[in-house]
Amino acid sequence: MHIFKELEARGFFYQFTDKNQIKKLITSGKTPVRNRVLPKVTFYVGFDPTADSLHVGHLLPIMAMRRLQQAGHKPIVLVGGATALVGDPSGKQEARPILTREQVAANAAALKAQLGNFISMDDAIFVNNADWFTEIRFLDFLRDVGYRFSINKMLAAESVKQRLETGLSYLEFSYMLLQAYDFYFLNREHDCTMQFGGQDQWGNIVAGIDLVRKMSSQEVFGATFPLLTDSQGQKFGKTAAGAVWLDSARTSVFDYYQFWRNCDDADVKKLLGFFTMLPVEEIAQLSELQPPALNRAKEILAYEATALAHGSGEAAKAYLAAGGKFGFADQERKIPTSSKIVEVKENQQVGIQDLPTYELLKSELTGDGIWIIKLFTDSGLCASNGEARRLIKGGGAYLNDQRITDQDLQITEADFTDNAAILKAGKKNIRRIVLS
RNA sequence: GGUGGGGUUCCCGAGCGGUCAAAGGGGGCAGACUGUAAAUCUGCUGCGGUAGCUUCGGUGGUUCAAAUCCACCCCCCACCA
């Protein structure tokens with residue numbers, strides 16, 4: 001299947017500035033730029049380094065980039081070191097806190113490293129818009145770029161309209177100009193002719209296209225990806241613990257795996273299409289599976305998605321740890337799949353040590369041991385002592401699979417087997433406590 | 001700059017001197033049921049080893065007592081200029 005059709009079949013696109021042209025360019029690869037014809041499309045996607053890790057909400061454009069790159073096109077990863085200082089108002093109810101330059105620079109470096117797992121950096125261009133914006137003088141920018149923007153038009157943009165209700169600072173209002181300038185710059189310096197982004201980026205992308213036409217007389221294109229929601233209409237990628245991060249220090253590999261494994265039945269097909277590299281025909285078959293067997297599709301989804309972010313070794317461990325705890329869906333291999341998950345042997349004695357682990361110092365087991373409530377909070381299973389108390393009161397606390405009812409329980413060395421004990425908050429939140 | 005209306009716990013939103021850690025809803029967490037799903041029902045949802053302690057934009061004041069009254073300040077919204 002050709003790349004454009006492939007992306008379309010998987011549901012990657014939401015809107016296009018010119019669908020036919022984009023299809024033609026991506027399919028043929030021939031891109032006319034400034035009286036030349038290039039053999040591939042150079043496209044860009046921007047990420048604002050507002051945190052030191054990406055989360056699954058960023059994954060859709062990343063997967064699209066990966067696929068386009070594998071199809072021979074050239075991705076430009078733009079990290080918004082400058083734009084993050086301004087803050088994109090698109091899709092946001094209120095302004096976000098202004099980051100310091102140091103934070104932004106550190107975040108940008110972290111994002112670059114993570115993106116390297118998904119796309120080959122050897123064959124991509126990595127840029128940071130701080131590199132050009134810090135050179136630009138305010139008055140020059142206003143005269144070269146600012147005069148080409150119509151306030152009337154900007155006010156009509158959906159992203160601005162929304163914020164007009166709650167308030168929008170001039171700083172944020174300027175964001176659109178900066179992103180538009182990025183496109184102009186990348187077109188000029190790298191022959192970039194397409195920009196992709198989330199649904200909320202439409203206004204910014206279109207502004208960039210207009211600016212490129214006005215300043216360079218070049219026709220460029222853009223498309224957006226859909227905003228992912230779960231079957232509840234909730235924003236995708238948020239769980240109890242907050243966002244699901246790609247950084248394993250923030251979201252453990254096990255929890256990352258479990259995030260995918262616990263998706264809604266109704267979302268399996270969509271998620272397989274977006275977040276795995278399995279062929280669409282196979283995805284169609286997997287998502288047709290009937291209920292108990294459908295869990296195999298979820299395992300495959302979780303394994304594949306985890307393998308992309310953390311490597312297949314880590315994914316296998318998470319699969320075994322989770323399966324060891326909750327059971328495996330298809331040990332007999334009745335369900336055909338091209339996923340490497342079939343090579344992972346379930347009967348191995350792995351599993352338990354790959355659960356999220358908390359190290360407890362022996363010295364904390366003073367006197368009559370450690371208080372159970374404290375252990376719940378220290379290990380990160382509960383955010384506060386009060387929460388731990390409520391958990392016990394509600395019957396959701398387990399030690400070594402035994403329900404805890406006593407809030408004053410003291411944990412002693414006798415509760416550990418081979419220096420390890422299993423603590424659970426509810427059925428799914430597990431922490432392995434290791435004595436050291 | 002003027003006039004009017006606002007800023008409440010994760011979000012929305014009631015409260016308008018004590019009975020307020022603050023109604024109701026959403027969200028979230030847990031339990032039951034299940035397939036580690038959904039739906040449903042039930043409980044919980046500021047911190048605290050439970051004596052207390054901090055919350056209602058900020059600061060100061062009135063009062064035995066303030067989210068509630070007063071003063072000043074900050075921010076938002078609407079209309080006017």
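Not measured: the values here are computed from a predicted model. Reminder, nothing fancy here: chain letters follow the sequence lines and each chain counts from 1.
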Exercise for the section: Kindly determine whether A:K374 and A:D378 satisfy salt bridge (Lys or Arg N to Asp or Glu O under 4.0 Å), including the steps that lead there. Expected result: CA-CA 6 Å; A:K374 186 166 168 11; A:D378 285 357; 2.8 Å; yes

Handout entry: Atom pair distance, as rounded to whole Å: CD1 in A:I430 and P in B:C29
Key = 16 Å

Exercise for the section: Verify the contact: side-chain N or O of A:K427 to OP1 or OP2 of B:A32, cut-off strictly under 4.0 Å; return yes or no. Expected result: yes

Practice task
Please state whether the phosphate of B:G31, meaning OP1 or OP2, lies under 4.0 angstrom from any side-chain nitrogen or oxygen of A:R390.
Solution key: no

Classify [X] by what it touches in the nucleic acid, base, sugar-phosphate, or nothing, heavy-atom distance under 4.0 Å.
| X | answer |
| --- | --- |
| A:A322 | base |
| A:Y398 | sugar-phosphate |
| A:Q258 | base |
| A:Q290 | nothing |
| A:N385 | sugar-phosphate |
| A:R403 | sugar-phosphate |
| A:K374 | nothing |

Problem - Under 3.5 Å side-chain donor-acceptor pair for A:T83 and A:Q179 - result: no

Problem - N/O donor-acceptor pair, side chain A:R389 with base B:U50, under 3.5 angstrom - result: yes

Roughly how far apart, to the nearest Å, are [N] and [M] at atom [atom1]?
| N | M | atom1 | value |
| --- | --- | --- | --- |
| B:G57 | B:A67 | C1' | 12 Å |
| B:G60 | B:G43 | P | 43 Å |
| B:G17 | B:C56 | C1' | 15 Å |

Problem - Flag side-chain contact, heavy atom, 4.5 Å: A:I372 against A:D406 - result: no

